[in-house]
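As a basis for the values below, the full set of heavy atoms in this structure was taken, side chains included, without hydrogen atoms, waters or symmetry mates. Source: prediction; values computed, not measured. Proteins come first, then strands; the chains are lettered A, B, ... in the order of their sequence lines, and each starts at number 1.
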Number of protein chains: 2
Amino acid sequence: MAEAVNIKRLAQELNISIATVSKALNDSYEISLKTKNRVWDLAKQLNYTPNPAASNLRSHKTKTIAVVIPCVANNFFSLAIKGIEEIARQYGYHVLIYQTHENIEAEVTFTNSLLSGRVDGILTSVSSSEYNSEYYANLVKKIPLVFFDRVYENLDAVRVTTDDYDIAYEATKHLIECGCTKIAHLYGLDNLPAGKARFAGYVDALKAHELDVNEQFVVKYHDDETKNLENIKALLAQQKPDALFSSIEEFIIPAYTACRALGLRIPFDVKMLSFSNLSTAPLLAPSLTTITQPAFEIGREAAKCLFKILNNKQLDDEQNIVLKSMLIKRESTGC
Amino acid sequence: MAEAVNIKRLAQELNISIATVSKALNDSYEISLKTKNRVWDLAKQLNYTPNPAASNLRSHKTKTIAVVIPCVANNFFSLAIKGIEEIARQYGYHVLIYQTHENIEAEVTFTNSLLSGRVDGILTSVSSSEYNSEYYANLVKKIPLVFFDRVYENLDAVRVTTDDYDIAYEATKHLIECGCTKIAHLYGLDNLPAGKARFAGYVDALKAHELDVNEQFVVKYHDDETKNLENIKALLAQQKPDALFSSIEEFIIPAYTACRALGLRIPFDVKMLSFSNLSTAPLLAPSLTTITQPAFEIGREAAKCLFKILNNKQLDDEQNIVLKSMLIKRESTGC
DNA sequence: CTGTTAGCGCCTTCAG
DNA sequence: CTGAAGGCGCTAACAG
């Protein structure tokens with residue numbers, strides 16, 4: 001479709017050799033300024049752009065990274081991608097996106113397909129459906145990889161995460177200080193460190209305030225949306241909690257739907273607090289107290305780490321970068 | 001990093017020629033089943049994956065498409081990407097993401113860089129900062145390209161859009177039926193067909209109901225967030241509209257902030273209606289009436305069209321696919 | 001059915 | 001300072 005303008009064509013038009021053109025384009029010290037200028041001018045004039053496949057093949061550098069995540073249509077991940085893309089641009093890299101939809105098979109298929117030299121490195125937030133670190137233990141030996149948010153621990157790879165335990169503790173404490181005594185936990189990511197830490201923060205805050213920690217108050221996330229709705233309804237009907245603390249955004253819809261179905265008014269009958277990266281939440285959703293992760297920053301940090309690795313730069317001491325989340329309170333609605 | 005397992009290695013181990021291996025891997029009819037099986041088995045055993053750079057170089061197919069959009073951190077675009085990715089997977093394609101941040105220079109730089117054979121085709125939703133169809137008129141001659149949502153018209157390229165005029169008309173009518181008589185329009189995408197159509201639908205609905213169409217009731221979107229806030233505040237203070245109809249999601253924050261600053265209660269003092277693809281809006285934001293575009297479907301349709309083109313299939317008659325948006329009313333809050 | 005040969009576009013010795 | 005030659009891994013024409 002595009003009229004072939006390559007290094008050979010440039011060489012012909014200028015009556016010099018292909019090698020000279022190549023070197024001139026790469027600003028080699030071996031070439032005279034005069035020749036370089038002739039080459040650069042013609043290249044610009046003919047709108048020459050090097051063929052990436054050819055350079056990849058030769059140099060084994062793709063100038064491309066892959067982002068493997070559960071789903072882009074999620075406030076956290078789309079913001080993270082935004083951050084990743086910003087850094088990638090600075091380095092002149094291209095960004096490939098792969099969505100696993102929490103399917104571990106898809107995850108393995110994608111990452112394997114990336115091992116053939118399609119990308120120079122991978123940024124990933126792993127699927128929550130399983131925790132199989134064996135696969136990743138091998139993977140990190142084969143390709144530069146940085147985990148963000150949903151990570152595998154105890155591997156030789158950089159992780160960028162947030163203060164999940166601390167913020168969950170703080171959030172639970174906040175609910176207690178608002179007068180809640182029967183706080184339920186909507187438990188997501190229970191296979192992953194993030195989910196476990198959030199749950200632990202919740203549990204420890206209850207204990208510290210001498211409130212009962214009761215299994216009946218915990219609903220684990222289920223793939224099946226109707227199940228989630230049912231489980232929350234059952235929780236509300238049987239345990240009558242005065243607050244729901246959700247560790248993932250995906251619980252918001254079933255939680256609200258269940259409350260509405262049972263005629264419970266949020267936040268008056270039941271307070272609602274959830275991890276959520278919805279930027280408009282503070283204005284649009286006055287009934288929802290939120291924990292916001294610095295998703296954009298996480299993306300940026302993760303990308304920066306990857307590029308440091310790709311450029312063989314020393315990583316600053318730590319392999320584990322932890323950023324701070326924010327608890328956004330709603331004084332106006334008593335929470 | 002990965003130990004070189006290529007076609008040559010397979011050939012050596014099996015004592016057959018490189019060409020035979022290549023053909024076997026591509027399931028050519030020329031090769032006996034027996035040989036194929038030997039090749040496939042060894043390939044699997046050695047975990048062979050073809051080097052994409054090499055095949056691209058040879059075949060001039062990259063199995064990759066690019067998505068060029070203003071920003072991923074946007075409910076519409078992240079859903080569209082989800083749809084695009086789903087279709088791309090079905091065809092075994094990889095997806096590159098480029099964000100323009102509404103910067104026309106970035107847009108041109110990116111798309112130009114894609115012309116060097118990095119991708120087989122492009123899906124794009126163009127920047128709203130300018131309408132310069134000359135560039136795209138040339139571009140569509142050089143590479144398969146499908147526009148979605150934010151399109152250039154009168155070009156030889158497929159467009160996937162929504163019924164902007166109709167839904168804006170319907171939404172405005174709805175506000176009027178709710179008793180509003182002083183409806184302001186927050187005008188976004190004014191350089192693009194989508195924005196113009198939304199505005200036209202608004203204007204025509206007012207006219208049809210014999211309401212004044214007044215320039216003073218229109219606020220155009222501005223890059224500068226503080227300007228938007230000021231302009232909406234001025235609008236509210238001076239014109240005292242009883243409804244704000246926003247043609248883009250980006251106006252929601254300044255609109256709510258302005259109302260709050262002036263002590264106006266939404267939806268009691270001022271009704272609020274906006275184009276928005278926030279899936280949780282119906283539950284979380286009871287004060288906001290929304291127009292939801294089928295973002296996921298748009299992504300899917302656009303991708304399908306592109307793959308039809310890439311496979312030289314006949315496109316069904318039309319070059320312009322129009323999907324329906326949905327007006328989500330809020331009876332409970334009187335709108 | 002299998003093998004030989006000749007590149008795709010670029011980069012990189014090495015020789016002039 | 002410039003050019004000739006070889007090869008990255010794979011595919012496709014053409015012989016056998």
Indicate, with a heavy-atom threshold strictly under 4.0 Å, whether A/Thr20 touches base, sugar-phosphate, or nothing. base
If I take atom OG1 from residue B/Thr162 and atom CD1 from residue B/Ile321, how far apart are they, to the nearest 0.5 angstrom? 12.5 Å
Salt bridge check, B/Arg89 against B/Glu85: does any charged N sit closer than 4.0 Å to a carboxylate O? yes
For residues B/Tyr152 and B/Val126, determine if any side-chain heavy atom of one lies less than 4.5 Å from a side-chain heavy atom of the other. yes
Pairwise side-chain contact, B/Ser127 with B/His101, heavy-atom cut-off 4.5 Å (strictly under): no
Going 5' to 3' along nucleotides 9-16 of chain C, which nucleotides have protein heavy atoms under 4.0 Å from the base (write B), which only from the sugar-phosphate (write S), and which from neither (write -)? BBBBBB--
Rounded distance (Å) that lies between atom P of D/dA12 and atom OH of B/Tyr29: 12 Å
Could you state the atom-to-atom distance from CG of B/Asn56 to P of D/dC8 in whole Å? 18 Å
Salt bridge or not between B/Lys36 and B/Asp27? Use side-chain N to carboxylate O under 4.0 Å. yes
Interatomic distance where CG belongs to A/Leu33 and C1' belongs to D/dT2 [whole Å]: 16 Å
What is the distance, rounded to the nearest whole Å, between atom CD of A/Gln12 and atom C1' of D/dT2? 17 Å
Just the rounded figure in Å: distance from P of C/dG3 to CG of B/Leu10. 14 Å
Checking A/Ile122, A/Thr161, A/Leu155 against A/Phe147 for side-chain contact (heavy atoms from CB on, under 4.5 Å), the one that qualifies is A/Leu155
